[in-house]
Peer 1: 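Sharing a structure below in structure tokens format, with a few things to ask.
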Protein chains: 2
Amino acid sequence: MKTAVELTQLFRNTGRKVTAQRLCVWRLLEGNTSHPSAEVLFEEARRELETISLRTVYQVLRELEELGECMSLDLGTGASRFDPNVDAAHHHLVCTSCGKVRDLYADFPSVEAPKTGLDGFQVGSAEIVFRGTCAECKSNAGLNGSTRPKALVS
Amino acid sequence: MKTAVELTQLFRNTGRKVTAQRLCVWRLLEGNTSHPSAEVLFEEARRELETISLRTVYQVLRELEELGECMSLDLGTGASRFDPNVDAAHHHLVCTSCGKVRDLYADFPSVEAPKTGLDGFQVGSAEIVFRGTCAECKSNAGLNGSTRPKALVS
DNA sequence: TATTAGTTAACAATTATTGTTAAAAGTTAA
DNA sequence: TTAACTTTTAACAATAATTGTTAACTAATA
Ligand SMILES: [Mn+2]
Ligand SMILES: [Mn+2]
Ligand SMILES: [Zn+2]
Ligand SMILES: [Zn+2]
């Protein structure tokens, strides 16, 4: 999780220009634990930079991913979710009702692919996704019939 | 994992007609451990039923899912993958190179969401996805530069 | 056999994402 | 400050996976 200043260096060092858009997207992502989608970041970004385009947000996110400064998560919520926390190993809780994504910092030492019976499949990583219902959706249960993930409504 | 005969009963009992298409899709899925996509099932189905449409395959898959006879998995490989194994709890190995999906039957007793620190999030299920390289892709490494999942090419 | 459900074709639509192009604007090195 | 070079933007088009739609046709069942 780099600061905006560090990102500036990184952009320069990789031959990229330090633009308001790049900084803005990074600032919105830095330390953000909500795992926003590109759309959500776009909505937030245009509050600061009224003319920023969704296209640019996608481009910057891709770049940040290539630079190893964020990762995109496919959690089955429709859109990719972006996570700036690439350093600390962690897992995710996904609300199947609203699409909210929370971090779960817990070590599961037993989660390691067996050595045998893999038919030569070489395992690189293990992700655990816990699915369930977030507190908010639980208390709203029955009030409305909405099954549509709120976090994804454009 | 029901047999075709059992499925016939299920269709009848739920007021559905027993059609060649429904039976065909189920027959292709029954005991199938390859986690095929709808497209793949469609290609296979039309060998038996030349006139079957992709639309129908999607419809039948949805139905089977509603009936609890299969589940669709979103493993980040582009298309949903269908799994008839809804009874035995298991996890998946996903080849990041070709998109192949293998079952992993292993019990990870420690994988249980902590009771505390969840902010009221109620956890229902835990899926573990192991990502890596399948044997075939490992031996093909470097031969071609293909990063495109072969299993997904239409 | 009549009724009803299911299938097909042939499209349109949707969502998330990437591609494209040209013009405008911004960044940086000199 | 200027010139060169990148980026951004707008305005679309395109893609891939999936679902919606309609009408005609076909098949299953009572
Ligand atoms: Mn996270
Ligand atoms: Mn499986
Ligand atoms: Zn929720
Ligand atoms: Zn592979």
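First the proteins, then the strands, lettered A, B, ... as listed; each starts at 1. What you see is a predicted model; the values in this text were computed from it and never measured.
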Peer 1: Can a side chain N or O of B:Tyr58 be found less than 4.0 Å away from OP1 or OP2 on D:dT19?
Peer 2: no
Peer 1: When the C1' atoms of the five terminal pairs at each end define the local axes, what inter-axis angle does the helix from C:dT1-D:dA30 to C:dA30-D:dT1 show, to 10 degrees?
Peer 2: 40°
Peer 1: Output all residues satisfying salt bridge (Lys or Arg N to Asp or Glu O under 4.0 Å) with A:Arg12, sequence neighbours left out; order by chain, then residue number.
Peer 2: none
Peer 1: Could you pick out which residue, B:Ser80 or B:Gln59, lies toward the 5' side of DNA chain D when each is mapped onto its nearest nucleotide?
Peer 2: B:Ser80
Peer 1: Starting from P on D:dT7, measure out to CG on A:Leu64 and report it in whole angstrom.
Peer 2: 13 Å
Peer 1: From CD of B:Glu65 over to C1' of D:dT19, roughly how many Å is that when rounded to an integer?
Peer 2: 14 Å
Peer 1: Looking at residues at least two apart in the chain, or sitting in another chain, which of them share a salt bridge (Lys or Arg N to Asp or Glu O under 4.0 Å) with A:Asp119?
Peer 2: B:Arg102
Peer 1: How many whole angstroms separate atom CG of B:Leu61 from atom P of D:dT18?
Peer 2: 9 Å
Peer 1: Listed by chain and number, what are the side chain to side chain contact (heavy atoms under 4.5 Å, CB included) partners of B:Thr14, not counting sequence neighbours?
Peer 2: B:Leu10, B:Arg16, B:Leu67
Peer 1: Restricting to side chain to side chain contact (heavy atoms under 4.5 Å, CB included), what partner residues turn up for A:Val111, sequence neighbours left out?
Peer 2: A:Phe108, A:Ala126, A:Ile128, B:Phe108, B:Val111, B:Ile128, B:Phe130
Peer 1: Run the salt bridge (Lys or Arg N to Asp or Glu O under 4.0 Å) test against A:Arg62 and tell me which residues pass, sequence neighbours left out.
Peer 2: none
Peer 1: With sequence neighbours left out, write down each residue that passes side chain to side chain contact (heavy atoms under 4.5 Å, CB included) with A:Leu54, or none if nothing qualifies.
Peer 2: A:Glu39, A:Phe42, A:Tyr58
Peer 1: Taking atom CD as the centre, does B:Glu48 end up with more than 12 heavy-atom neighbours from other residues, nucleotides or ligands that are less than 6.0 angstrom away?
Peer 2: yes
Peer 1: Rounded to the Å, how far apart are A:Phe42 CZ and D:dT8 P?
Peer 2: 14 Å
Peer 1: Nearest to the side chain of A:Val60, which nucleotide is it out of D:dT8, C:dA16, D:dT18?
Peer 2: D:dT8
Peer 1: Between N or O atoms, less than 3.5 Å apart, protein on one side and nucleotides 28-30 of chain D on the other: list the pairs.
Peer 2:
from, atom 1, to, atom 2, distance (Å)
D:dA28, N3, B:Lys17, NZ, 3.4
D:dT29, OP1, B:Arg12, NE, 3.0
D:dT29, OP1, B:Arg12, NH2, 3.1
D:dT29, OP1, B:Val18, N, 3.3
D:dT29, OP2, B:Arg12, NH2, 3.3

Peer 1: Under a single-linkage rule joining Ile, Leu, Val, Met, Phe, Trp and Tyr whose side-chain heavy atoms are separated by less than 4.5 Å, which residues share a cluster with B:Tyr105?
Peer 2: none
Peer 1: Just how far, in rounded Å, is P of D:dT6 from CZ of A:Phe11?
Peer 2: 17 Å
Peer 1: Quick one, B:Glu69 and B:Glu63 - any side-chain contact, counting heavy atoms below 4.5 Å?
Peer 2: no
Peer 1: Could you list the residues that satisfy salt bridge (Lys or Arg N to Asp or Glu O under 4.0 Å) with A:Glu127, not counting sequence neighbours?
Peer 2: B:Arg131
Peer 1: Roughly how many Å is it from CD in B:Gln21 to P in C:dA9, rounded to a whole number?
Peer 2: 11 Å
Peer 1: Measure from CZ on B:Arg62 to C1' on D:dG20 and round the result to the nearest Å.
Peer 2: 12 Å
Peer 1: Please work out which residues in residues 45-57 of chain A have a non-hydrogen atom less than 4.0 Å from an atom of DNA chain D and list them by number.
Peer 2: A:Thr51, A:Ile52, A:Ser53, A:Thr56
Peer 1: A:Thr33: what forms a side chain to side chain contact (heavy atoms under 4.5 Å, CB included) with it, not counting sequence neighbours?
Peer 2: A:Asp103
Peer 1: Could you tell me the separation between the CZ atom of A:Phe82 and the C1' atom of C:dA16, rounded to a whole number of Å?
Peer 2: 10 Å
